[in-house]
Student: 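Mind looking over this structure? Questions follow.
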Amino acid sequence: MKLFGIRGGVHPKGHKELAADAAIVAVSLPPLLRIPLLQHIGAPAEPVVGKGDLVDKGQLLAVGQGMVSAPVHAPTSGRVMAIGRHVAPHPSGLPGRTITLKPDGRDAWGDLPPPLDPDTASAEDIARRVADSGIVGMGGATFPSAVKLNLGSRHDLRTLIINGAECEPYLTCDDRLMRERAEQVIDGIAIMRKALGVKTAVVAVETNKPKAIAALRKAAAGDAGFRVAGVPTRYPMGSEKHLVQTLTGLETPARGLTADIGVVVHNVATAHAVHEAVRHGRPLISRVVTLSGGGIRTPGNYEARIGTPVEALIAAAGGIGNDDARLILGGPMMGQPLASAKAPIVKGTNGVLALTPSEIGNGAEQRPCIRCATCVSVCPCGLMPLEMAARIRKEQLDAAVAHGLMDCVGCGSCAYACPSRLPLAQMFNYAKGRLVAQQRAKHKQDEIKRLAQARAERMEAVARAKKEAMARQKAERAARKKAEAAKRDATPAEPEGADAVRRREDAE
């Protein structure tokens with residue numbers, strides 16, 4: 001199919017060879033599973049189990065809250081040991097609300113919902129099953145998938161694009177999934193296509209994955225609604241908006257959705273999870289994770305239950321052979337430093353890297369910006385990173401926003417290409433975080449003002465009602481006295497008694 005060019009981008013060394021040929025291996029259950037209640041964009045899930053409860057594999061542990069949220073299910077059977085706070089898979093290392101589950105060794109499934117027949121099920125039934133199964137975007141964005149499957153009711157959709165680009169260096173989990181489970185992936189895509197009401201689905205895979213492309217084309221053979229497109233090996237080809245532009249030539253409006261131009265994008269791992277949920281009733285309780293980098297003794301692709309500690313995954317990969325290796329959650333371009341190996345993997349964890357100092361480039365010295373504009377030439381969004389960075393250094397966040405800060409996709413191409421080794425991507429993430437914090441603080445202040453004003457209005461209303469009540473009571477008393485006086489005046493005087501007459505006569 002015809003492809004369209006996009007601007008910018010970089011060509012980092014792929015390092016795919018470390019794990020690409022390693023088949024998916026299931027990781028044994030650890031002694032404890034730590035299952036965070038926030039594994040998605042949106043509101044955290046709320047527990048429906050308590051400490052000491054026995055649960056079965058696939059049983060609902062926590063329900064989603066609101067439209068943008070996702071439930072959480074038991075990755076295995078066992079006992080709930082605690083519902084508290086545990087270190088989260090986040091650069092801060094701060095704890096998050098977590099359910100601790102002790103496996104009982106049976107790994108026994110509980111009651112699962114019956115399979116759905118995609119040919120007869122309605123779009124609403126499919127979306128509801130995906131929502132109930134806790135499926136989120138597994139490429140890293142972790143947006144609840146059911147929300148995207150409902151976009152057909154509000155947008156004129158024409159195309160479903162499945163993102164199999166996997167453009168981040170080192171990561172190969174999607175590559176292996178497409179190679180080994182191509183039929184299930186294609187079936188999941190067909191189910192999503194039915195739910196969205198679109199006729200065309202395009203699976204986009206970078207050309208450095210020829211075996212995955214061949215496996216998908218074989219699995220989709222005979223269906224005119226499927227196309228498998230080999231896209232250029234170029235970072236960030238896996239960026240949603242840039243992948244859409246490459247395949248369709250359409251540019252997504254700034255701060256808009258791809259649905260605004262008739263396209264919905266899902267990840268290949270998400271498609272596989274949809275197949276499991278609809279065909280077998282199984283919720284999302286495990287995922288394939290790439291362990292790679294120069295520090296990992298046995299790089300590969302490991303299928304692990306949600307909640308498995310990173311240290312257990314590393315142990316399954318033979319451990320770390322370099323004491324100076326730095327742990328990264330995700331890929332080296334957009335991933336985040338991992339503060340503790342005790343943090344669990346979650347639904348959006350596609351990789352754990354142990355990078356050596358030589359891979360990170362610790363020896364490179366950071367220098368002042370020379371305004372060479374290399375960052376401008378590689379920015380796939382057509383932004384001016386050097387101008388945004390200059391304003392962020394001066395805490396002029398509004399000026400950075402005016403230069404397009406909120407349109408930055410955080411790909412890190414600018415930081416990768418910068419000859420001065422400036423941490424541009426980190427600057428932009430910092431600024432976005434500050435803006436979010438400011439917005440939350442403003443929202444909190446506005447809410448406090450609103451509540452204070454509402455209280456003042458209530459107190460004023462109470463005082464006014466009390467005053468009116470007192471006035472009414474006073475008026476009622478006056479009216480009663482007036483009525484009593486009128487009644488006395490209208491009553492005829494009684495005849496004087498004999499004694500009274502005698503006393504009056506004597507006085508005269």
Side-chain angles (χ1 to χ4, degrees), residues 8 36 38-44 66 68-69 85 87-97 137 140-143 236 239-241 252-257 326-340 343 346 348 360 366-369 371 373-376 378-418 420-451:
L38 183 59
Q39 303 185 44
H40 49 268
I41 290 176
V68 183
S69 188
R85 302 187 72 79
V87 59
H90 187 272
S92 68
L94 295 174
R97 201 172 183 207
T142 66
F143 192 84
S239 169
E240 180 179 79
K241 294 179 180 180
T252 307
R255 305 191 196 182
L257 302 174
R326 181 181 300 178
L327 291 179
I328 303 292
L329 202 63
M333 300 295 286
M334 296 185 69
Q336 299 290 341
L338 187 61
S340 171
V346 291
I360 297 172
Q366 182 177 317
R367 297 184 296 273
C369 174
R371 299 188 66 81
T374 300
C375 58
V376 177
V378 301
C379 177
C381 298
L383 305 177
M384 300 182 69
L386 74 168
E387 296 293 347
M388 294 191 298
R391 281 148 183 80
I392 292 169
R393 289 192 198 96
K394 297 177 181 178
E395 291 293 325
Q396 297 174 351
L397 301 185
D398 290 340
V401 171
H403 277 80
L405 175 63
M406 303 313 295
D407 293 317
C408 170
V409 297
C411 68
S413 295
C414 53
Y416 177 84
C418 178
S420 295
R421 307 294 295 175
L422 295 175
L424 296 172
Q426 289 84 345
M427 288 185 188
F428 303 150
N429 287 336
Y430 158 79
K432 290 177 182 178
R434 281 292 305 275
L435 287 168
V436 170
Q438 289 177 4
Q439 290 171 356
R440 287 177 178 169
K442 184 178 183 302
H443 175 74
K444 184 176 181 180
Q445 291 174 355
D446 292 343
E447 187 67 9
I448 291 172
K449 289 179 181 178
R450 186 188 67 80
L451 293 174

Student: To the nearest 0.5 Å, how far apart are CZ in R393 and OH in Y430?
Tutor: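 Separation between the atoms: 12.5 Å.
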
Student: Just wondering, do P380 and C411 contact through their side chains at under 4.5 Å, heavy atoms?
Tutor: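 Yes, close enough: below the 4.5 Å cut-off.
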
Student: Would L338 and I328 satisfy side chain to side chain contact (heavy atoms under 4.5 Å, CB included), going step by step from the backbone distance to the final call?
Tutor: CA-CA 5 Å; L338 187 61; I328 303 292; over 6 Å; no

Student: Any donor-acceptor pair under 3.5 Å linking the side chain of R85 with the backbone of P95?
Tutor: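 Side chain of R85 to backbone of P95, a donor-acceptor pair under 3.5 Å: yes, one is there.
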
Student: Working to the nearest 0.5 angstrom, can you tell me the gap between C369 SG and L386 CG?
Tutor: 5.0 Å

Student: Counting C-beta onward and ignoring hydrogens, is there a side-chain heavy-atom pair between E240 and L257 closer than 4.5 Å?
Tutor: no

Student: Measuring from R434:CZ to I392:CD1, what's the distance to the nearest 0.5 Å?
Tutor: 11.0 Å

Student: With no hydrogens and no angle check, is any side-chain donor or acceptor of T252 less than 3.5 Å from a backbone partner on K241?
Tutor: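 No, the answer is negative, given that no donor and acceptor are paired below the 3.5 Å cut-off.
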
Student: Would you say F428 and M388 make side-chain contact, with heavy atoms under 4.5 Å?
Tutor: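 Contact flag for F428/M388 side chains = yes.
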
Student: Looking only at heavy atoms, what is the nearest atom pair of T374 and A417, with distance?
Tutor: CG2-O, 3.6 Å

Student: Answer yes or no: is there a donor N or O on one side and an acceptor on the other, between the side chain of S420 and the main chain of P368, under 3.5 Å?
Tutor: yes

Student: Once you round to the nearest 0.5 Å, how far does OG of S239 lie from CE of M334?
Tutor: 7.5 Å

Student: Is any side-chain heavy atom of P423 less than 4.5 Å from a side-chain heavy atom of Q366?
Tutor: yes

Student: Quick check: closest heavy atoms across C375 and L424, and the distance to 0.1 Å?
Tutor: CB-CD1, 4.0 Å

Student: Please check this pair: side chain of K442 against backbone of A437, looking for a donor-acceptor N/O pair closer than 3.5 Å.
Tutor: no

Student: I want to check something: taking the side chain as every heavy atom from C-beta on, are T142 and Q39 in contact at a cut-off of under 4.5 Å?
Tutor: no

Student: At their closest point, which heavy atom of A415 faces which heavy atom of A425, and how far apart are they?
Tutor: CB-N, 4.0 Å

Student: Can you tell if the side chain of Y416 reaches within under 4.5 Å of the side chain of V378, non-hydrogen atoms only?
Tutor: no

Student: Grab the two heavy atoms, one from A141 and one from I41, that are nearest each other, plus how far apart they are.
Tutor: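 Taking A141 first and I41 second, the nearest heavy atoms are O-CD1, 3.0 Å.
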
Student: Taking all non-hydrogen atoms of both residues into account, name the closest pair between A389 and M427 and its distance.
Tutor: CB-SD, 3.6 Å

Student: Determine, stepwise, if the pair Q336 / H90 fulfils side chain to side chain contact (heavy atoms under 4.5 Å, CB included).
Tutor: CA-CA 7 Å; Q336 299 290 341; H90 187 272; over 6 Å; no

Student: Going from CD1 on I448 to CD on Q445, what distance comes out if it is rounded to the nearest 0.5 angstrom?
Tutor: 7.0 Å

Student: Is any side-chain heavy atom of C381 closer than 4.5 Å to one of C408?
Tutor: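 No, their side chains stay 4.5 Å or more apart.
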
Student: Please lay out, stage by stage, how E447 and K444 fare under the test salt bridge (Lys or Arg N to Asp or Glu O under 4.0 Å).
Tutor: CA-CA 5 Å; E447 187 67 9; K444 184 176 181 180; over 6 Å; no

Student: Within this structure, what is the CG-CG distance for the pair L383 and L405, rounded to the nearest 0.5 Å?
Tutor: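 Between atom CG of L383 and atom CG of L405 there are 9.0 Å.
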
Student: In sequence, state the C-alpha distance, the side-chain angles, and the governing distance for R391 and D398, and then conclude on side chain to side chain contact (heavy atoms under 4.5 Å, CB included).
Tutor: CA-CA 9 Å; R391 281 148 183 80; D398 290 340; over 6 Å; no

Student: Given I360 and R326, is the side chain to side chain contact (heavy atoms under 4.5 Å, CB included) satisfied, shown in steps?
Tutor: CA-CA 8 Å; I360 297 172; R326 181 181 300 178; 3.6 Å; yes

Student: Can you find a pair of side-chain heavy atoms, one from S69 and one from H40, that are under 4.5 Å apart?
Tutor: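 A side-chain contact exists here, since the closest heavy-atom pair is under 4.5 Å.
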
